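Throughout, residue positions are numbered sequentially from 1 according to the sequence presented. Whatever order the structure lists ligands and atoms in, that order sets their numbers, starting from 1. This structure is a prediction, so every number in the text was calculated from the model and none was measured.
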Amino acid sequence: MKKTGRLAVLGSINADHILNLAQFPRPGETVIGKQYQVAFGGKGANQAVAAGRSGADIAFIACVGDDDIGQRIRTQLADDHIDTASVDAVANESTGVALIFVNGAGENCIAIHAGANAALTTARIGKHQQVIADADALLMQLESPLDSVLAAAKLAHQHNTRVILNPAPAVKLSDEMLALVDMITPNETEAEILTGVHIDSDESAARAATVLHDKGIASVLITLGRRGVWLSENGSGQRIAGFNVQAVDTIAAGDTFNGALITALLEKKPMIDAVRFAHAAAAIAVTRHGAQPSVPWRTEIDQFLQQQG
Ligand code: RIB
């Protein structure tokens, strides 16, 4: 039965191997790193953790391998207030891995081995369909098999579960997929790949948003890095600035934004307040290292917002 305010997140789980260095190596170059860390990540898991820590009632549909790190990640997810009954441990698979470089400016580049994430098949979505049917909203990204994301969106549509898509990493999507999405949250690059509009101003963000509305998406939020977010719905758009903080590491900033945003919307906060709440969560995250280690708890977000006045 549908539970008011319930969130389902569907997505990836990775063990992030993070190397901090002054500058990214060029092809053929070897550079010595400054600091190395293994942290829990994956866009799906980061968004689930951001929702769990910011107070959502959340279930997660995902896969880990049948390895030690998969076990530890599952336990951590439960500690982060996430219902993990639909996080499957896949036999003879290893947990997904992300290899991440972070440069001196806090920017990152990431390469992924899907591992058990590739086992989040349409059959497995079918097995967990009740989680989607019972939820008010389904939040997904694109580190899972695309046919499974489409199958989950169709199920959500059938059961009046709102579909929120964070289209990361950037992939071209079919009109069939986009028509099933109620809210989309691309960054500038992802929005350009989906719409063909190069975004370098509010005006171009508005044009990209119009293309996405024309595909059938009611709410479009294009994240613009330091410039904030372009929010477009009900025929009008506006830019909502973020908070100015000293960033040390932007890994999972977008994931934190997404998880916190949906949490606030499910609490029935008005959209502008929900974006401000999500901006605050992401601002805290960029001042810390790693993906999930950087994601703030609700008390920290509330305190940050109070300090901003
Ligand atoms: O968005 C950040 C995440 O992307 C990292 O945690 C990494 O696992 C990749 O999925």
May I have all residue pairs that pass ring pair (Phe, Tyr, Trp, His ring centres under 6.0 Å) and include part of residues 267-288, sequence neighbours excluded? F257-H279
Just so I know, are the side chains of I69 and F40 near enough to count as touching, which here means a heavy-atom distance under 4.5 Å? yes
Review item, side-chain donor-acceptor pairs of residues 99-107, under 3.5 Å, at least two apart:
{"unit_1": "N103", "atom_1": "OD1", "unit_2": "A105", "atom_2": "N", "d": "2.9"}
{"unit_1": "N103", "atom_1": "OD1", "unit_2": "G106", "atom_2": "N", "d": "3.2"}
{"unit_1": "N103", "atom_1": "OD1", "unit_2": "E107", "atom_2": "N", "d": "2.9"}
{"unit_1": "N103", "atom_1": "ND2", "unit_2": "E107", "atom_2": "OE1", "d": "2.8"}

Flag the pair D57 and R6 as a salt bridge only when some basic side-chain nitrogen lies within less than 4.0 angstrom of an acidic carboxylate oxygen. yes
Regarding E300 and R288, does a basic nitrogen lie under 4.0 Å from an acidic carboxylate oxygen? yes
Ligand-protein N/O pairs under 3.5 Å (ligand 1):
{"unit_1": "ligand 1", "atom_1": "1 (O)", "unit_2": "K43", "atom_2": "NZ", "d": "2.9"}
{"unit_1": "ligand 1", "atom_1": "1 (O)", "unit_2": "D255", "atom_2": "OD2", "d": "2.7"}
{"unit_1": "ligand 1", "atom_1": "4 (O)", "unit_2": "K43", "atom_2": "NZ", "d": "3.1"}
{"unit_1": "ligand 1", "atom_1": "6 (O)", "unit_2": "D16", "atom_2": "OD2", "d": "2.6"}
{"unit_1": "ligand 1", "atom_1": "6 (O)", "unit_2": "G42", "atom_2": "N", "d": "3.0"}
{"unit_1": "ligand 1", "atom_1": "6 (O)", "unit_2": "N46", "atom_2": "ND2", "d": "3.0"}
{"unit_1": "ligand 1", "atom_1": "8 (O)", "unit_2": "N14", "atom_2": "ND2", "d": "3.0"}
{"unit_1": "ligand 1", "atom_1": "8 (O)", "unit_2": "D16", "atom_2": "OD1", "d": "2.6"}
{"unit_1": "ligand 1", "atom_1": "8 (O)", "unit_2": "G42", "atom_2": "N", "d": "2.9"}
{"unit_1": "ligand 1", "atom_1": "10 (O)", "unit_2": "N14", "atom_2": "ND2", "d": "3.1"}
{"unit_1": "ligand 1", "atom_1": "10 (O)", "unit_2": "K43", "atom_2": "N", "d": "3.4"}
{"unit_1": "ligand 1", "atom_1": "10 (O)", "unit_2": "E143", "atom_2": "OE1", "d": "3.0"}
{"unit_1": "ligand 1", "atom_1": "10 (O)", "unit_2": "E143", "atom_2": "OE2", "d": "2.6"}

I need the full list of side-chain hydrogen bond (donor to acceptor under 3.5 Å, both in side chains) pairs touching residues 146-158, with sequence neighbours left out, sorted by first then second residue. K154-E176
